[in-house]
Structure formats: structure tokens, C-alpha cells
Number of protein chains: 2
Amino acid sequence: MEATELLKKHNLRKTATRTEVLKEYLSAGKALSHAELESKLGEHFDRVTLYRTLNSFEEKGLLHKVYDETGTVRFSLCSDHCDVSSHEDDHVHFHCTKCGNSYCLDLPIPEMNLPKDLMINDVYMVANGICKTCQRA
Amino acid sequence: MEATELLKKHNLRKTATRTEVLKEYLSAGKALSHAELESKLGEHFDRVTLYRTLNSFEEKGLLHKVYDETGTVRFSLCSDHCDVSSHEDDHVHFHCTKCGNSYCLDLPIPEMNLPKDLMINDVYMVANGICKTCQRA
DNA sequence: CATATAATGAAACTTTGTTGCATTTACTTT
DNA sequence: AAAGTAAATGCAACAAAGTTTCATTATATG
Ligand SMILES: [Mn+2]
Ligand SMILES: [Mn+2]
Ligand SMILES: [Zn+2]
Ligand SMILES: [Zn+2]
């Protein structure tokens, strides 16, 4: 789906910042942090607006958080099924400890038996290792 | 094992800060962040020293990182098998989204088939939900 | 107990994220 | 198409989290 269409679908006003940010995510193929976005987009966009854009996108179900062992928070495109009322990003993530990039894998979180006295809402999972590109280098 | 003993075992000099910090972890029963440590220990210890203590403890295999969806980085006691050369903290974690506490569970990470072109070193897993205490409240 | 080495404390700095407010823009209604 | 309203933006100030540098102090070892 295209940027303009996605914004409309999620009840977000179309603005220059939002369109550009969304384009970045649509073409990135990986998770992007605020800092990475800033350097990709150059000086044209306000730092605070960028934070607010990411937050609205997460809230509305366009992006979901991807975090790793370094503490960096990145965001990645959600599936078509996500919206304001529920995120369904129940897949495994991969984090390359060499280049630092993070990717969504098309792989469901495996089932397991968690203690019954805990009320579980969702499970987050990251595999850490070396990506294909970094293995060659 | 006791604080003094643990420090010696991991080739760390015994200092007031390290002993006190380690005692906190030994009695906490949950993961503790830098901020949480600071407020537990009061004004007696330097902020920077605390950061450095946590980093050495992680490096030497006394503590391992526990992170959650909020981006907060906490640390938790390692098993006896961890040391400088390898961490073996391959268990599931639990994060309560109400009180914010994180716990190590005595539960191994389930197996799964990851893409063969990725070189996996370790897998991190957190279950998010509501803890026993917060369910009652 | 002298010495080498490591840890500490303090200040300054960087990075990351948030808040308040005036201004501008997008979308709706007429 | 113009007006009105609610939302988004830009800027400044602030706050939290983490790092770096360096002089001083403490620990372990022979
Ligand atoms: Mn994902
Ligand atoms: Mn753990
Ligand atoms: Zn890589
Ligand atoms: Zn709780």
C-alpha cells in the first residue's frame, strides 16, 4: 500500500513529514530509529515533530516498536491487520550485532508453557546474530 | 553465594560500591535498573561509579541485561555458569506492564527454525503481562 | 609496606526524549 | 470557494540517561 492511502486508512492527516517518514519505512526493509530517520531525511524536518510522528504511527497501528540488547528503540512497518485498537505483530525479530540493523522475520513466536499465575498479553522475541551481509564482510 | 565470594570468583576487586550493589541484586529477586539502584542505595554512591559497576558486572558475567518494551534497561543476576568468556542466560523473562518490574523465569527459550542464512548467537525473549501482585490490586 | 594497577568522584558534555505554547495547516462544514 | 475547528508543526526550554576525561584514592600483590 502507498503512503497517502495508509495515512487515510489510519485516520491520520496527510502532512509532508508523515508522508516522507512513511515512504522511508515502506522502502527501508528494516527497522528504523529516530536517529536513523533524522539522518536519512536531512535537516528538513523538526526533531520533535519526528518523535511525535513516530508516536502517532505506533498508536494508530502503522508502526510497531523493535528493541534490542543495546537499548536502541526502532520502529518497523506493521502488517495490514494492525490498527488503533490492536497490534498483531507477533513475529520473531532479528538483530545483527555487527551492523546493528534489526529486521522483522516472517516467523511466528513459538508456543510455550508460562506460569499460570501470570497473565500474559504478548510475547516479544529477538534472535541476535550476524546478518548475511555482515557474514561476507 | 555471597557478595565477597562472587567478586573474587569473577576477578573483581572488592569495593564498597560493588559489595552494596551486589547485595541489592542478591536480595532483590527481580531485575534492577540504574535508576532503581540509585534510589535504593541513596546518595552514598556516585552515579557514574554505579554505571561503571553495572558494566563491569555484566562484562564479568555477574549480571545480564533485561530489557523491555519501554526501553528501560535493567540487570539481573546471572547463573553460576556465567563468566567473562560466556553468558548462558538462555531463559524467558517476564515484564509486568502495570508495575514495570521484570523477572527471570526458570523456563528455557523454545526451539524454532530460523532462516539458515542468519548466524544466530543467542535469543532474547520477554513475555509481557500482569504479575500476580498487580492482578490482586 | 611499597608499588602497580584499578576504581572512584566530580565536572563537563552528549544523546535521547518530553513539555508548553504560539503559529500554521488540513480537513470539514456551510 | 470561504470560513471555522481541530490537529500538527516549530521552537525553546527542560529533563533524563549515559559517556568521557582526569586527578585522586583505594585494592591487591609481592
Ligand atoms: Mn516486527
Ligand atoms: Mn534473566
Ligand atoms: Zn549486519
Ligand atoms: Zn506487576
Side-chain angles (χ1 to χ4, degrees), chain A residues 2-24 31-75 84 100 102, chain B residues 3-24 31-63 65-75 84 100 102:
Chain A
E2 189 209 316
T4 305
E5 204 180 344
L6 277 170
L7 289 174
K8 181 167 274 177
K9 181 184 166 193
H10 290 87
N11 281 304
L12 285 163
R13 295 191 173 186
K14 182 182 176 178
T15 69
T17 308
R18 287 176 177 174
T19 307
E20 286 312 304
V21 168
L22 204 38
K23 276 185 188 167
E24 291 298 335
L32 299 172
S33 67
H34 178 273
E36 287 161 348
L37 261 185
E38 244 190 330
S39 69
K40 271 182 174 268
L41 292 173
E43 307 297 312
H44 309 296
F45 300 95
D46 186 72
R47 226 169 59 83
V48 178
T49 303
L50 233 42
Y51 276 114
R52 288 194 274 226
T53 300
L54 292 174
N55 289 338
S56 328
F57 281 6
E58 198 209 359
E59 193 185 310
K60 298 292 172 123
L62 275 100
L63 298 178
H64 62 277
K65 272 191 182 158
V66 176
Y67 45 97
D68 64 43
E69 61 187 7
T70 72
T72 307
V73 175
R74 269 176 257 256
F75 291 89
V84 209
S102 286
Chain B
T4 305
E5 202 179 344
L6 277 171
L7 289 174
K8 182 167 273 178
K9 182 184 166 192
H10 290 88
N11 282 302
L12 285 162
R13 292 189 175 188
K14 181 181 178 179
T15 69
T17 308
R18 287 176 178 172
T19 306
E20 285 313 303
V21 169
L22 204 39
K23 276 185 189 165
E24 290 298 335
L32 298 173
S33 67
H34 177 274
E36 286 162 349
L37 262 185
E38 243 189 332
S39 71
K40 271 182 174 267
L41 293 174
E43 307 297 312
H44 309 295
F45 300 95
D46 187 72
R47 226 170 60 82
V48 179
T49 302
L50 235 40
Y51 275 116
R52 290 193 276 227
T53 300
L54 292 174
N55 289 337
S56 327
F57 281 6
E58 197 209 0
E59 193 185 310
K60 299 290 173 126
L62 273 103
L63 298 178
K65 271 191 182 159
V66 176
Y67 43 96
D68 64 43
E69 60 186 9
T70 71
T72 307
V73 175
R74 269 176 256 256
F75 292 88
V84 210
S102 287

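What's counted below: heavy atoms across the whole structure, side chains too, no hydrogens, waters or symmetry copies. Throughout, protein chains are lettered first and strands after them, A, B, ... in sequence-line order, and every chain is numbered starting at 1.
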Between C1' on D:dG18 and CD on B:Glu58, what's the gap in Å once rounded to a whole number? 14 Å
Nucleotide D:dA6, atom C1' - distance to CG of A:Asn11 in whole Å: 14 Å
Calculate the interatomic distance between B:Leu7 atom CG and D:dA26 atom P; express it in whole Å. 18 Å
Write out a two-atom table: protein N or O, nucleotide N or O from nucleotides 9-13 of chain D, distance below 3.5 Å.
residue: D:dT9; atom: OP1; partner: A:Thr15; partner atom: OG1; Å: 2.8
residue: D:dG10; atom: OP2; partner: A:Thr49; partner atom: OG1; Å: 3.1
residue: D:dG10; atom: N7; partner: A:Arg52; partner atom: NH2; Å: 2.9
residue: D:dG10; atom: O6; partner: A:Arg52; partner atom: NH1; Å: 3.4
residue: D:dG10; atom: O6; partner: A:Arg52; partner atom: NH2; Å: 2.8

Round to the nearest Å and state the distance from A:Tyr51 atom OH to D:dC14 atom C1'. 14 Å
Heavy-atom contact window of chain A on DNA chain C, given 5' to 3' at under 4.0 Å: C:dT16 to C:dC27
Classify the ring geometry between B:His34 and B:Tyr51 as parallel (under 30°), tilted (30 to 60°) or perpendicular (over 60°). parallel
From CG of A:Asn55 across to P of D:dA7 the rounded distance in Å is 17 Å
Residues which pass side-chain contact (heavy atoms from CB on, under 4.5 Å) with B:Asp46, listed by chain and number, not counting sequence neighbours: B:Val48, B:Thr49
A side-chain contact here means heavy atoms from C-beta on lying under 4.5 Å apart; do A:Tyr67 and B:Tyr67 qualify? yes
Do B:Glu24 and B:Glu36 touch side chain to side chain, with heavy atoms closer than 4.5 Å? no
Check the distance between D:dA7's P and A:His10's NE2 and give it to me in whole angstrom. 19 Å
Evaluate the side-chain proximity of B:Lys23 to B:Thr19: yes if any heavy-atom separation is below 4.5 Å, no if none is. yes
From B:Lys40 atom NZ to B:Leu32 atom CG, the distance as rounded to the nearest 0.5 Å: 6.0 Å
Would you call A:Arg47 and A:Glu38 a side-chain contact if the rule is heavy atoms closer than 4.5 Å? yes
What verdict does the side chain to side chain contact (heavy atoms under 4.5 Å, CB included) test give for B:Leu12 and B:Phe57, after you've listed the backbone C-alpha separation in whole Å, the side-chain angles of each residue and the deciding distance to 0.1 Å? CA-CA 9 Å; B:Leu12 285 162; B:Phe57 281 6; 3.7 Å; yes
5'-most contact on DNA chain C: A:Arg13 or A:Gly71, nearest heavy atom basis? A:Gly71
For the residue pair A:Lys65 and A:Glu58, establish whether any side-chain heavy-atom pair is separated by less than 4.5 Å. yes
When rounded to whole Å, the CG to P distance for the pair B:Leu12 and D:dT27 reads 14 Å
